[in-house]
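Order of the sequence lines sets the chain letters (A, B, ...), proteins ahead of strands, with each chain counted from 1.
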Amino acid sequence: MSIPSKYDASLVESKWYDYWMKHNYFHSEVDDREPYTIVIPPPNVTGVLHMGHMLNNTIQDVLIRHARLSGKNACWVPGTDHASIATEAKVVAKLKEQGIDKNDLTREEFLAHAWEWKSEYGGIILDQLKKLGASCDWERTAFTMDPEMSDSVIKVFVDLFNKGLIYRGFRMVNWDPEAKTTLSDEEVIYEEKQGNLYYIKYKIEGSDEFLTIATTRPETIFGDSAICINPTDTRFKHLKGKKAIVPICNRIIPIIEDEYVDIEFGTGCLKVTPAHDENDKILGDKHALEVIDIFNEDASLNSFGLHYEGKDRFVVRKEVTKELEEKGFLVKIEVHTNKVGTSERTKAVIEPRLSDQWFLRMEDLVKPAIEAVLGDDPAINLYPKKFENTYRHWMENIRDWNISRQLWWGQQIPAYFYGNGKNDFVVAETKEEAFQIAKKKLSDSTHDLKESFSINDLRQDEDALDTWFSSWLWPISVFDGIRNPENKEIKYYYPTNDLVTGPDILFFWVARMIIAGYEYKSEKPFQNVYLTGLVRDKQRRKMSKSLGNSPDALKLIETYGADGVRVGLLLSSAAGNDLMFDEELCQQGKQFANKIWNAFRLIKGWEIDKTIPQPQTASIGLTWYNAKFQKALAEIEDHFSKYRLSDALMIIYKLITDDFSSWLLEIVKPAYQQPIDATTFNEIVKILENNLKVLHPFMPFLTEEIWHHIARRTPDEALIIANYPIQKDYDNEVILKFDMASAIISGIRTIRKDKNIPFRDPIKLYVINREINNNQFHALIQKLTNTSVIEEVSEKVDGASFRVKSNEYFVPISEENIDVDAEILKLESELKRARGFLTGIQKKLLNERFVQNAPEKVIVLERKKESDTLAKINTILTSLDRLK
RNA sequence: GGGCAAUUAGCUCAGUUGGUUCAGAGCACUUGGUUUACACCCAAGGGGUCGGGGGUUCGAAUCCCUCAUUGCCCA
């Protein structure tokens, strides 16, 4: 059977994924082994795979496969997030296309559409992960709105309410007029936008005088309830206690004083609109001002906007400016840039708005979460460490979490109103329970309903919970740890080991999971958090749909193979640094796959002869490689322990391309059409297998494919569940000696190239040996450079020469090839370098303070360097003498 | 406006406790090579004042100060 010389990923990847699925290797059950658990950051249920997911899930898969090979009970729990606002926005948009307005639907009707959407698109992203090779335990696939998950969320809400941590507050919230819902502070993105600063004058009541204020939002004058000046501002002293008249609507408002006003900014006068600005609200509360809400929920003006009623805020801004100008109230307009809050999801400009919302009191909840990450003996490690600062900053300045959303898609808040009063509600897991509690509450009260109260009088709060209020329970709820805290799964898998996610959701999700972990399990949810970078394009732009600079993930996999893409992503992704994605790296990954494939092809093609003895070269080469492999293995494991996966991969890459393919295979390769001895062959196969094992986490498909080509294997012998190579001590001496031999080989190759001596013409090598070096490697050098003899001499030999350490090597060459001038030039430049180096060392050694202060170890080293360099200089000098 | 981080070869990045021949890797580039696994290959080679300036030290890419640029987070 002939094996194609090009590796074709598309022919093997789905085959092996099916095989792994069929034999259930991804599934984990509680057993006696040490668990290794990762919960996936659940992607949006209706999302599609983008580069960020690819990176993040590749990393998780590498960790999971590495753990599985290392004998741990690896469990990677997949799932999706209902992503309340994002999904609801998509469903609303789709309905709109069909001519259906959400407002015309009942909650039940809308949710039916949403679930339909979910069943159509939900899970696409999980199928895409399979293409990438993700070895998730698909039997455990969870969804944040699964009944058990929702039950857990409701249970937690009720519990926190009963603990007094959830309260209802009339507060200024971030209102998204597009989605018609509130957003948490974290969902608001501040963008610098160019706008205007409008100078508007207000008439002083009972006077002809005017007072000018500066505002960025002239349309909010309808909501003005005061003008504020700084009490220390002498310019306005005479206005104290007077009143001003709001232009257009002619309302009379007080002039108040507060130190809050910045004298330097604008005119030093501020109009106060408590309903539409957070700071104005604080002023309003302090000075007991009227609160006038001028907007509808879509940010069009309401009746307070008079003749502008029904028009959008930005339209009104233009029109009201015009009217003010016509009526002579507009003094001037200045260009002004300011930061404007926009919705993360809909991009709409946020409108600060006062409304009744549900809040979670954070102050006490964060305490154990701060300690867990920043304490003296942290239970949770962030990688890279720099995010600890960000974490600290956020956690120490945390504000109460607005957990209610004016959406339908999500868990409906389990608060039931029985009356119209602000506090006429109870919180319970079910309506029935709520009824019982309400009944009791009523019986102790003097409420009108007291006598006639029935369950039908209960009206559940319309709002749904913030999506993160369900995902913050994820590491617990996927193991049903909220509802059944003593079940064997939660006890076994929790706390999980590693969490891999992007730094953009450090607060949204990671911090809150830590909080929930301590509140509900009294234990961290995970041990390590690996924060990946954001994937950017070559021009450092964030990859986004709107820019269209994000490559199609599935197309990449088609072109380069999943293995190739995995390698491409990992080669450039140090933890926490953004990564400039470059398709060329996937190409490199693909070529690497081909390289290994061909190495395998070479070995597979050898004919074995059990009667021939093992050549010395092969034996030496194998000894060296085994030491080299052990050294690499130690480095790989070290990198794994520090989450330096790119470095681990790079070690393997170099091990396989350089050490294994370029050196070892060339060393043991039998002459053309000659058989190989059995000892060497068996050893090489073992080495190849070990290479495949360390590479498997990174390139699962290719390695499994070759693994099964090497020998017929039963499902119990699949590579995915093989035993990872065991670390052993290794002989560093043999590695150093080999390095010297390879330097000699390079020297000879350079001469062959410079002097145009083809490889097929044998050459002779003479050496003036000053190093303590046995001749162990001579046969190897001879084989790889086609050298007929290597002889020690005491005198220079005519021909080309080179030096390795203090040894001098000569290759006799025919007269016409000798270029004395070139040789001299080469030697002189070597000499110059060596002398410069020596000067540096000697300067140091002559410096008394160095000799006195530096540790003995360092001085000894410097002396050794000095003598080595002196020896080298002598070698060069004698060579030069002879040439001149 | 406040905080955090980064700046090392053409590009993307390592450089761990200040001290091994420390100035590195991969890619790219230049030159040469193909009957003998792979041109998706092999070999050899060039390339950096470690962002600028100042300081600490016997010794600085590494520590400190300062300036510049860039990115991130927060308000």
Side-chain angles (χ1 to χ4, degrees), chain A residues 3-7 185-186 188 190 278-279 339 341 384-394 397 399 503-504 506-507 533-534 536 538 540 542 560 564 568 571-574 576-582 584-585 587-606 638-639 642 644 646-647 649-651 653-654 657 661-662 665-666 669-674 745-754 756 758-760 784-785 805 833-834 837 840-841 843-855 857-862 864-865 868-869 872:
Chain A
I3 306 169
S5 71
K6 288 196 186 347
Y7 172 69
D185 293 337
E186 289 69 38
V188 178
Y190 287 88
E278 174 97 60
N279 293 312
K339 295 273 179 93
K385 238 178 147 46
K386 66 176 178 187
F387 285 108
E388 287 176 7
N389 281 325
T390 323
Y391 184 85
R392 169 181 291 116
H393 192 255
W394 192 73
N397 295 289
R399 300 204 286 177
D504 47 338
L506 182 61
F507 307 131
L534 293 172
R536 297 173 175 275
K538 277 170 99 172
R540 282 190 181 273
K542 225 184 221 180
Y560 303 103
L571 278 179
S572 57
S573 66
N577 286 341
D578 284 0
L579 87 103
M580 291 338 116
F581 181 74
D582 185 348
E584 275 176 37
L585 289 169
Q587 181 62 29
Q588 195 184 337
K590 187 182 174 186
Q591 289 174 6
F592 182 43
N594 199 56
K595 178 86 194 164
I596 301 159
W597 179 249
N598 276 290
F600 154 71
R601 250 180 12 110
L602 172 69
I603 296 166
K604 185 84 179 170
W606 282 336
D638 183 53
H639 285 312
K642 293 169 182 157
R644 302 162 74 121
S646 343
D647 296 290
L649 176 57
M650 187 47 78
I651 300 271
Y653 182 84
K654 286 195 276 193
T657 47
S661 300
S662 301
L665 290 181
E666 293 303 324
K669 185 151 100 178
Y672 184 47
Q673 290 192 330
Q674 295 297 306
I745 292 167
S746 285
I748 297 169
R749 282 172 176 163
T750 311
I751 288 174
R752 277 189 179 277
K753 189 190 170 195
D754 288 352
N756 258 322
F759 184 81
R760 70 181 88 89
L784 292 181
T785 57
K805 294 193 172 178
R833 265 180 74 173
F837 188 64
I841 297 164
K843 242 186 179 165
K844 250 194 219 176
L845 286 170
L846 286 172
N847 184 337
E848 271 179 44
R849 286 186 295 178
F850 171 71
V851 182
Q852 275 167 18
N853 293 323
K857 195 179 78 179
V858 175
I859 296 173
V860 168
L861 254 156
E862 290 299 316
K864 168 94 166 74
K865 278 197 244 171
D868 283 358
T869 313
K872 186 163 188 177

Determine the contact category for Y653(A): base if any of its heavy atoms lies under 4.0 Å from a base atom, sugar-phosphate if only primed atoms, P, OP1 or OP2 are that close, otherwise nothing.
-> sugar-phosphate
Tell me which nucleotide among C38(B), A44(B), U16(B) gets nearest to the side chain of S746(A).
-> A44(B)
Just by distance, do the side chain of W597(A) and the backbone of P4(A) share a donor-acceptor pair under 3.5 Å?
-> yes
Taking the side chain of Q591(A) as heavy atoms from C-beta outward, which of C40(B), C38(B), C58(B) is closest to it?
-> C40(B)
Rounded distance (Å) that lies between atom C1' of A14(B) and atom CG of D638(A) | 14 Å
For nucleotides A5(B) and G45(B), find the distance between their P atoms and express it as a whole number of Å.
-> 41 Å
No-H, no-angle donor-acceptor pair, E666(A) side chain to A43(B) base, under 3.5 Å = no
Name the nucleic acid region contacted by N594(A), choosing base, sugar-phosphate or nothing; use a 4.0 angstrom heavy-atom cut-off, strictly under.
-> base
Quick one: look up who G48(B) pairs with, Watson-Crick or G-U, both distances under 3.5 Å, and put none if it's unpaired.
-> none
Separation of C74(B) atom C1' from Y391(A) atom OH, nearest Å, is 17 Å
Separation of the C1' atoms in A23(B) and A9(B), to the nearest angstrom | 10 Å
In whole angstrom, what separates Q588(A)'s CD from C29(B)'s C1'?
-> 15 Å
Partner of U20(B) under the Watson-Crick or G-U wobble criteria, both distances under 3.5 Å, comes out as none
Send over the distance from K385(A) NZ to U16(B) C1', rounded to a whole Å.
-> 13 Å
Between Q587(A) and K669(A), which is nearer to the 5' end of RNA chain B once each is assigned its nearest nucleotide?
-> K669(A)
Between U66(B) and G24(B) - C1' atom distance, rounded Å = 29 Å
Rounded to whole angstrom units, what separation is found between the OH atom of Y7(A) and the P atom of C41(B)?
-> 16 Å
Spacing of OH belonging to Y7(A) relative to CG belonging to N598(A), to within rounding of 0.5 Å | 12.5 Å
Watson-Crick or G-U counterpart of G71(B), or none if no pair lies under 3.5 Å | C4(B)
Quick one: OG on S746(A) to CG on L784(A), what's the gap to the nearest 0.5 Å?
-> 10.5 Å
By the Watson-Crick or G-U definition, both distances under 3.5 Å, U56(B) is matched with none
Using a cut-off of 4.0 Å on non-hydrogen atoms, how would the nucleic acid contact of S661(A) be classed: base, sugar-phosphate, or nothing?
-> base
Whole-angstrom distance between C50(B) and A43(B), as gauged at atom C1' | 30 Å
Has K595(A) got a side-chain N or O lying under 4.0 Å from the OP1 or OP2 atom of C40(B)?
-> no
Sticking with atom P, work out how far U17(B) lies from G59(B), rounded to a whole angstrom.
-> 22 Å
CA sep, side-chain torsions, deciding dist, call: K654(A), M650(A), side chain to side chain contact (heavy atoms under 4.5 Å, CB included) | CA-CA 6 Å; K654(A) 286 195 276 193; M650(A) 187 47 78; 4.0 Å; yes
C40(B) base to K590(A) side chain: any donor-acceptor pair below 3.5 Å?
-> no
Got a donor-acceptor pair under 3.5 Å from the side chain of K753(A) to the base of U31(B)?
-> yes
Separation of D504(A) atom CG from C74(B) atom P, in whole Å?
-> 10 Å
Minimal heavy-atom distance between W606(A) and K669(A), with the atoms involved, is CZ2-CA, 3.9 Å
How many angstroms lie between atom CD1 of I745(A) and atom OG1 of T750(A), to the nearest 0.5 angstrom?
-> 11.5 Å
Nucleotide paired to G32(B) in any strand shown, Watson-Crick or G-U, under 3.5 Å | C42(B)
Consider the side chain of K642(A), meaning its heavy atoms from C-beta on, and name the nucleotide among G26(B), A14(B), U16(B) that approaches it most closely.
-> U16(B)
Mind checking who U62(B) pairs with, Watson-Crick or G-U wobble, both distances under 3.5 Å?
-> none
One should read off an interatomic distance between I651(A) CD1 and R644(A) CZ, to the nearest 0.5 angstrom, of 10.0 Å
Between C29(B) and C40(B), how far is it from one P atom to the other, in whole Å?
-> 13 Å
What's the CZ-P distance between F850(A) and A60(B), to the nearest Å?
-> 11 Å
Would you say A43(B) has OP1 or OP2 under 4.0 Å from some side-chain N or O of S662(A)?
-> yes
Can you tell me if the side-chain N/O atoms of R644(A) get under 4.0 Å from OP1 or OP2 in G15(B)?
-> yes
Would you indicate which nucleotide in C38(B), A37(B), A44(B) comes nearest to any side-chain atom of L602(A)?
-> A37(B)
When rounded to the nearest Å, what value does the distance between P atoms of G3(B) and U8(B) take?
-> 25 Å
Quick one: L585(A) CG to A25(B) P, roughly how many Å, whole number?
-> 18 Å
At what distance, to the nearest 0.5 angstrom, does CD1 of I748(A) lie from CZ of F759(A)?
-> 10.0 Å
So what does K6(A) touch, heavy atoms closer than 4.0 Å: a base, only the sugar-phosphate, or nothing?
-> base
Out of A44(B), A37(B), G2(B), whichever nucleotide has its closest atom nearest the side chain of H393(A) | G2(B)
For nucleotides A39(B) and U34(B), find the distance between their C1' atoms and express it as a whole number of Å.
-> 8 Å
What is the nucleic acid contact for R752(A), judged by heavy atoms within less than 4.0 Å: base, sugar-phosphate only, or nothing?
-> nothing
